[in-house]
Amino acid sequence: MSIFKGDHTLQLLKTYLLAKHSRIMLLPFLGIILFGLFYTLAAINYPGGSWAKPETFSFSIRHNYLCDLLDEYAINGELNTGRNFAKISLGVLCGSLMLLWSMLPGILKGNKLSHRVMVISGISALGVTLFLTSGTHDLILRIAGLLGTVALVLSYAALWRSGYPVLCILGIAGLVIFGLNYYIYETGNWRSLLPVIQKITFVFILGWMMLLNRELYRKVRSSHREKNKEQHQV
């Protein structure tokens, strides 16, 4: 018995629901915006201190990492009053991107198995990321990074096959920047630049995700309009 039995029916049902309720596809877009809003609130309420300058006050774009906002205590020793905003932000982002990643095969051509692996690995990476507040920061980053890389590489191949070369190339560029973060973090080379590079990476990759979301929305809406025209012509 095929492990994909029923996939065709499920895909038809998903396509129908997305066409009828296409605004659902804008939720990841909204989630990314909310992520930025809540993380800004977290940064505003962060007491201060960075690994480069422990005694300073407030959040520093140049010296603080985004993960600093998730710690119970700020690096200067004070209780981190922005932590709850950061936790909400992380939850909203991961939930939104899980939804986007589950819908992504809707614009892609290719093998069902590779799509399934792409979706499972991507959602798993985001699920693991939710545990960044558990005190096992480095382990979580490595596991999520490995799963996320598998998901991204498979998505690039599928995007290329499906006629989205610009999205594919931008995605690869994002992965290269992402890899640079890991290289710096693991080796310590250019460590002073990492907080800024980390933020540039987030902006770039989330911007790419928003472009994916827009393309998914446009394709399903376009497909729905064509079907309506065909029904009216009959």
Side-chain angles (χ1 to χ4, degrees), residues 1-19 21-22 24-32 35 87 89-134 136-164 167-179 181-182 201-202 204-217 219-220:
M1 182 182 293
S2 170
I3 62 172
F4 299 114
K5 183 178 181 180
D7 276 4
H8 181 63
T9 301
L10 288 173
Q11 186 62 37
L12 288 175
L13 178 60
K14 183 186 288 188
T15 302
Y16 172 79
L17 290 174
L18 291 178
H21 306 284
S22 56
I24 292 174
M25 290 182 294
L26 295 177
L27 289 178
F29 196 95
L30 176 62
I32 292 172
F35 163 79
K87 291 171 70 175
S89 178
L90 180 64
V92 168
L93 179 66
C94 289
S96 299
L97 295 185
M98 283 179 182
L99 177 60
L100 173 61
W101 216 248
S102 70
M103 297 187 298
L104 188 57
I107 64 170
L108 300 177
K109 299 176 182 177
N111 184 275
K112 286 183 179 180
L113 177 60
S114 66
H115 287 177
R116 178 163 291 194
V117 174
M118 178 190 73
V119 170
I120 292 174
S121 58
I123 290 177
S124 297
L126 293 163
V128 170
T129 302
L130 288 171
F131 290 93
L132 273 174
T133 59
S134 66
T136 55
H137 176 273
D138 289 2
L139 178 62
I140 293 300
L141 281 184
R142 291 185 179 109
I143 295 173
L146 177 61
L147 291 169
T149 299
V150 172
L152 289 171
V153 170
L154 289 174
S155 74
Y156 302 153
L159 284 167
W160 187 268
R161 287 195 303 266
S162 303
Y164 299 102
L167 284 174
C168 176
I169 293 169
L170 288 175
I172 293 172
L175 184 60
V176 170
I177 301 173
F178 188 68
N181 280 259
Y182 267 90
T201 304
F202 258 78
F204 191 95
I205 291 180
L206 291 181
W208 178 73
M209 294 283 188
M210 293 174 89
L211 290 175
L212 283 180
N213 198 172
R214 185 189 68 172
E215 192 57 43
L216 179 66
Y217 178 77
K219 180 166 183 177
V220 172

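These numbers come from the heavy atoms of this one structure, side chains and all, not from hydrogens, waters or symmetry mates. Throughout, residue positions are numbered sequentially from 1 according to the sequence presented.
How far CZ of Phe29 is from CG of Leu211: 8.5 Å, rounded to the nearest 0.5 Å. Rounded to the nearest 0.5 Å, atoms CG (Leu27) and CD1 (Ile32) are 11.5 Å apart. A distance of 10.0 Å separates CG in Leu132 from CG in Asp138, rounded to the nearest 0.5 Å. Of the inter-residue distances, the one linking Phe131 atom CZ with Leu90 atom CG reads 11.0 Å to the nearest 0.5 angstrom.
With hydrogens and angles disregarded, a donor-acceptor distance shorter than 3.5 Å links the side chain of Trp101 to the backbone of Met118.
Here the shortest heavy-atom pairing between Arg161 and Lys109 reads NH2-O, 3.8 Å. Nearest heavy-atom pair across Ser102 and Ile123 is CB-CD1, 4.2 Å. When all heavy atoms of Phe35 and Leu206 are compared, the closest pair comes out as CE2-CD1, 3.6 Å. Closest approach of Ser134 to Ile140, counting heavy atoms only: OG-CG1, 4.4 Å.
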List, one per line, each side-chain donor-acceptor pair under 3.5 Å for residues 145-160, sequence neighbours excluded.
residue	atom	partner	partner atom	Å
Thr149	OG1	Gly145	O	2.7
Ser155	OG	Leu152	O	2.6
Tyr156	OH	Gly171	O	2.5

Please list, one pair per line, the donor and acceptor atoms closer than 3.5 Å that link side chains of residues 92-100 to other protein atoms, with sequence neighbours excluded.
residue	atom	partner	partner atom	Å
Ser96	OG	Val92	O	2.7

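Contacts classified as salt bridge (charged side-chain N to carboxylate O under 4.0 Å, His left out) and involving residues 204-214 (residues at least two apart or in different chains) are not found.
The shortest side-chain heavy-atom distance between Tyr217 and Leu26 falls under the 4.5 Å cut-off. No side-chain heavy atom of Ile107 sits under 4.5 Å from any side-chain heavy atom of Ser162.
Here Arg142 pairs with Glu186 under the salt bridge (charged side-chain N to carboxylate O under 4.0 Å, His left out) rule; sequence neighbours left out. For Thr201, the side chain to side chain donor-acceptor pair (under 3.5 Å) partners are Asn181, not counting sequence neighbours. Among residues two or more places apart in sequence or in another chain, the ring pair (Phe, Tyr, Trp, His ring centres under 6.0 Å) test is passed with Phe178 by Tyr182.
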